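Worth saying up front: this structure is predicted, and the values here are computed from it rather than measured.
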Amino acid sequence: MKIINRSKEKTSMMHYADTSRGRHYSKDPAVVKYAGRYWMYYSIPSHLDGREPDGWAIGIAVSDDLTKWERVGEMAAEQPYEANGFCAPGAIVLDGAIHLYYQTYGNGPKDAICHAVSHDGIRFERNRTNPIFSPTGNWNNGRAIDADVIVHQGKLFLYFATRDPLGEIQMQGVATAPLDSGFGAGAWTQRCEESILKPELPWEGQCIEAAAMCKREGKLLMFYAGAYNNCPQQIGCAISFVIRREAFLYGLVSQAIPNLPD
């Protein structure tokens, strides 16, 4: 019998950074399991070498164990709405394909959510109606970034960050689309007439962004970034309570204290 001294075992930690831009840099990861492997989509910055276009883009890496990752490609700009950059992917597997929801970049209040689909994890077909969503109403400035999606109550829920009309406060909104809709620009219904979650706690500063959604015991949990970058930015969690048969996160109650204290 071999006796293993677990106190001396080294825990393998996952560290990954894309080096395609000449430096170690990757952020905003989204991971899905597809075709027996794990696929990670993430933001990568400009090359800064004078090429055009040279905005943010989306890198692609794969893994068999969630620890060791191999870069296998990237989504490069193809459409005019991507010319200034695109990033912050949210990924989900639906009907045997990877659906990516990402934002345009560098357009201020005109940044919006786009959609693309892949059947091999690397080559993506853009939705012909892109951009597919930006919010309306006098409570926001029309901007939509940092998309994340989750299937709930027979619909696809899309969570996004937007800003107040002055462009100062970053906050959360939500829209839904039928699962058989194709997720084009005409499929989405905005489900809020005000922010579903906005900064209220001291550590959240002027920003709540980068939602990551999951479902537990029938409730939707939103993990989010509070405060703008380096303020410091920390992670919080908020819980959706079903107050109607269809829970559109009206009255989303923040139970949040930072999960990663400074």
Hydrophobic cluster membership, Val151 vs Leu158, 4.5 Å side-chain cutoff: yes

Asn138, CG atom: more than 12 neighbouring heavy atoms under 6.0 Å: no

Co-membership, hydrophobic cluster, residues Ile132 and Leu94, 4.5 Å side-chain: yes

Trace of the side chain to side chain donor-acceptor pair (under 3.5 Å) decision for Ser26 with Asp18: CA-CA 6 Å; Ser26 41; Asp18 192 295; over 6 Å; no

Distance, nearest 0.5 Å, that separates CZ of Arg37 from CD of Glu70: 6.5 Å

Closest approach of Ala97 to Val117 (non-hydrogen atoms, all atoms of both residues): CB-CG1, 3.7 Å

Check: Gln190 side chain, Thr136 main-chain N or O, donor-acceptor pair, under 3.5 Å: yes

Shared hydrophobic cluster for Ile122 and Tyr41 (ILVMFWY, side-chain gaps under 4.5 Å): yes

Rounded distance [0.5 Å steps], NZ in Lys155 versus CG in Asp180: 11.0 Å

Glu125, CD: over 12 other non-hydrogen atoms inside 6.0 angstrom: no

For residues 53-60, which side-chain N or O atoms pair as donor and acceptor with protein atoms under 3.5 Å away, sequence neighbours left out?
unit_1 : atom_1 : unit_2 : atom_2 : d
Asp54  : OD1    : His47  : N      : 2.7
Asp54  : OD1    : His47  : ND1    : 3.2
Asp54  : OD2    : His47  : N      : 3.3
Asp54  : OD2    : Leu48  : N      : 2.8

Reported CD1-to-OH distance for the pair Ile196 and Tyr159, which is rounded to 0.5 angstrom: 6.0 Å

Asn130 side chain reached by Gln79 side chain, heavy atoms, under 4.5 Å: no

Centroid-centroid distance, Phe124 to Tyr102, less than 6.0 Å: no

Thr129 side chain reached by Phe183 side chain, heavy atoms, under 4.5 Å: no

Check: Gly142 main-chain N/O paired with Asn140 side-chain donor or acceptor under 3.5 Å: yes

Expected output: side-chain Ser63 to main-chain Tyr38 donor-acceptor under 3.5 Å: no

Pairwise side-chain contact, Trp188 with Leu156, heavy-atom cut-off 4.5 Å (strictly under): yes

Between Phe133 and Tyr101, ring centroids under 6.0 Å: no

Side chains of Glu194 and Met171 in contact at under 4.5 Å (non-hydrogen atoms): no

Closest non-hydrogen atom pair, Ser20 against Ile44: OG-CD1, 4.3 Å

Under 3.5 Å: donor-acceptor pair, side chain of Asp120, backbone of Arg123: yes

Cys87 backbone acceptor or donor facing Gln103 side chain under 3.5 Å: no

Backbone of Met213 reached by a side-chain donor or acceptor of Asp148 within 3.5 Å: yes

Test item: His99 and Asn127 side chains (from C-beta on) under 4.5 Å apart, heavy atoms: no

Non-hydrogen atoms of Gly173 and Cys192 that approach each other most closely: CA-SG, 3.9 Å

Arg143 (side chain) donor-acceptor with Arg163 (main chain) under 3.5 angstrom: no

Within 6.0 Å of CZ in Arg23, more than 12 heavy atoms from elsewhere: yes

Check: Gly226 main-chain N/O paired with Glu204 side-chain donor or acceptor under 3.5 Å: no

Separation of Phe160 CZ from Ile145 CD1 (nearest 0.5 Å): 11.0 Å

Nearest atoms (heavy-atom pairs only) where Gly205 meets Pro199: O-CB, 3.3 Å

Sequence-distant partners of Arg126, side-chain hydrogen bond (donor to acceptor under 3.5 Å, both in side chains), two or more places apart: Glu78, Glu82

Which atom of Gln170 lies closest to which atom of Ala161, heavy atoms considered: CG-CB, 4.1 Å

Ser195 side chain to Gln172 backbone, donor-acceptor under 3.5 Å: yes

Joint hydrophobic cluster, Leu100 plus Ile150, side-chain heavy atoms closer than 4.5 Å: no

Short side-chain to backbone donor-acceptor contact, Trp39 and Tyr34, under 3.5 Å: yes

Hydrophobic cluster identity match, Ile169 and Leu166, side-chain contacts under 4.5 Å: no

Pairwise distance CG(Asp111) to OG1(Thr104) - rounded to 0.5 angstrom: 3.5 Å

Shortest non-hydrogen contact between Cys231 and Ala227, atoms and distance: CB-CB, 4.1 Å

Heavy atoms from other residues, nucleotides or ligands near NZ of Lys33 exceed 12 (cutoff 6.0 Å): no

Sub-4.5 Å side-chain heavy-atom contact between Phe86 and Cys114: no

Spatial distance of atom OG (Ser240) from atom CZ (Phe157) [nearest 0.5 Å]: 8.0 Å

